[in-house]
Amino acid sequence: MGDKEKLVHIYRTMLAEYGCQGWWPVISNKTLLCEYHAGAPRNKEEQFEICLGAILTQNTAWSNVQKALINLKRIGALSPEKILSLKKEKLLSAIRPCGYFNQKAKKLLEFSRFYISLSGRTPSRQELLSVWGIGKETADSMLLYACGMPIFVVDAYTRRIFSRLGLVKEKEEYENIRKFFEKNLRKDAKLCQEFHALIVEHAKRHCTKKPKCQGCPLSKFCKRN
DNA sequence: AACCAGGACGTGA
DNA sequence: TCACGTCATGGT
């Protein structure tokens, strides 16, 4: 079986096991509950919220990010203008639950300034990467989930799972792993969105740091067996 | 009670 | 380039 067939097979297996994840999660406008929308076109508010979440979730559990986003929503700060106008103390206390709050406050401010400068235009990957605090994974998450571009997001989970499966090297460069997936998958944003979400789910349920191989749906593909 | 979570940046070699 | 150190809260 070639890489292309393997990836599709792995994707279908995870989808059958975990179901459609419908990423990216956004806060509902009506309530403060977190609702999971399908990867349909987003309005501007949701797009911006997705970008904030992409920054806040850097090396951080999503449950903590959710608290920070809900705090920002409560004080009406889910827009770039409001974030820029907030007093520093307000911003810091709002995002405190998600950790690294000093760095992340600076990142949110830098990104808000950048976002306004776009005046509605979709940024290039290179432009995003030029913003302080936005690295490759964060940029790709924004492009995929906020802008709907067919880009494969590579994170620590992707590395862990697919190196254990024997399809990539553990320390392979980010760009090379991204190209491996993009070369072997349909150029389809919905597919990239769902695939990445399923990778996160699989990493949490089975392919944890200390792997829980009991009942792992991907064991038939895994070189550990 | 250590360990980990959907990284990025700065530094010294 | 590469290997580390730093940043920080909350759940298990």
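Source: prediction; values computed, not measured. In the text below, chain A, chain B and the rest are named by the order of the sequence lines, each starting its count at 1. Atoms considered below: every heavy atom in the structure, side chains included; atoms not considered: hydrogens, waters and symmetry mates.
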Base, sugar-phosphate alone, or nothing: which one does [X] contact when heavy atoms must sit under 4.0 Å apart?
X	result
A/Lys67	sugar-phosphate
A/Ala156	sugar-phosphate
A/Phe101	sugar-phosphate

Looking only at the side chains, is there a donor atom on one of A/Thr138 and A/Gln58 sitting less than 3.5 Å from an acceptor on the other?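 Yes, side-chain donor-acceptor contact under 3.5 Å.
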Side chains of A/Lys104 and A/Thr60: is there a donor and an acceptor less than 3.5 Å apart? yes
Rounding to a whole Å, what distance do you find between A/Lys104:NZ and B/dG7:C1'? 8 Å
Expressed in angstrom and rounded to an integer, what is the separation of A/Asn59 atom CG from B/dC3 atom P? 15 Å
Could you tell me how the ring of A/Phe181 sits relative to the ring of A/Phe195: parallel (under 30°), tilted (30 to 60°) or perpendicular (over 60°)?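 A/Phe181 vs A/Phe195 ring planes: perpendicular.
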So A/Tyr18 and A/His206, would you call those rings parallel, tilted or perpendicular, with 30° and 60° as cut-offs?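 Tilted: the ring planes of A/Tyr18 and A/His206 meet at 30° to 60°.
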Could you go through the side-chain contact (heavy atoms from CB on, under 4.5 Å) check for A/Trp23 and A/Glu194 one step at a time? CA-CA 7 Å; A/Trp23 268 28; A/Glu194 194 56 36; 5.9 Å; no
Rounded distance in Å between the P positions of C/dG5 and B/dC3: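 Straight-line distance between the two P atoms is 15 Å.
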P gap between B/dA8 and C/dG10, integer Å: 22 Å
Less than 4.5 Å apart, any side-chain heavy atom of A/Phe152 and any of A/Ile199? yes
Is any side-chain heavy atom of A/Leu91 closer than 4.5 Å to a side-chain heavy atom of A/Leu72?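 The answer is yes, as the side chains (C-beta and beyond) meet within the 4.5 Å cut-off.
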Under 4.0 Å from a heavy atom of chain A: give me the 5'-most and 3'-most nucleotides of DNA chain C that qualify.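 On DNA chain C, the outermost contacted nucleotides are C/dC7 to C/dG11.
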Please list, in numerical order, the residues of residues 158-173 of chain A that have a heavy atom closer than 4.0 Å to any atom of DNA chain B. A/Arg160
Heavy-atom contacts, protein to nucleotides 8-13 of chain B, under 4.0 Å, summarised as B (base), S (sugar-phosphate only) or - (none) per nt, yield SSS---
Test the A/Arg96-A/Phe101 pair against the cation-pi criterion, namely NZ or CZ under 6.0 angstrom from the six-membered ring centroid and within 45° of the ring axis. yes
Determine, for [X] against [Y], whether the closest basic-nitrogen to carboxylate-oxygen distance falls under 4.0 angstrom.
X	Y	value
A/Arg121	A/Glu127	yes
A/Glu110	A/Lys106	no
A/Glu175	A/Lys179	no

